[in-house]
Amino acid sequence: MYPLETKILVCDDNHALRVMMKVMLREHGFNSVSLAENGLVGLEMLRAAAATESPFGLVFCDWN
């Protein structure tokens, strides 16, 4: 189980799916949910978070 303080990244090219995931995660108590519209943006966000020593603890990404 992940603590509610876990930083989460949702990376998907489908806007509606990103928003739905964020809403569902927030309904379950997760408040630190970031969204990326594609893999390149997601990778940049992962690198930036790691560089600030505040990495994401969980990533949901689109397989395709």
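What you see below is based on every heavy atom in this structure, not just the backbone, and it leaves out hydrogens, waters and symmetry mates.
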Residues 10-26 vs side chain to side chain donor-acceptor pair (under 3.5 Å), sequence neighbours excluded, gives H15-R18

Remaining members of L43's ILVMFWY cluster at a side-chain heavy-atom cut-off under 4.5 Å?
none

Any side-chain heavy atom of S34 within less than 4.5 Å of one from M45?
yes

Test item: S32 and E5 side chains (from C-beta on) under 4.5 Å apart, heavy atoms:
no

For V23, the rest of its hydrophobic cluster, which grows through side-chain links under 4.5 angstrom
V19

Using 0.5 Å steps for rounding, measure from the OG1 atom of T52 to the CZ atom of R47.
14.5 Å

Residue list, side chain to side chain donor-acceptor pair (under 3.5 Å) with H28, at least two apart or on another chain:
none

Provide the closest heavy-atom pair for V41 versus A36 in the form atom of the first, atom of the second, distance.
CG1-CB, 4.0 Å

For S54 and K7, the nearest pair of non-hydrogen atoms, with its separation, is O-NZ, 2.7 Å

So which residues get pulled into F30's cluster when ILVMFWY side chains under 4.5 Å apart are joined, directly or through others?
Y2, L4, I8, V10, L17, M20, M21, M24, L25, V33, L35, L58, F60

Which atom pair, heavy atoms only, marks the closest approach of G42 to C11?
CA-SG, 4.2 Å

Tell me, please, which residues at least two apart from V59 pass side-chain contact (heavy atoms from CB on, under 4.5 Å).
L9, L46, F56, C61

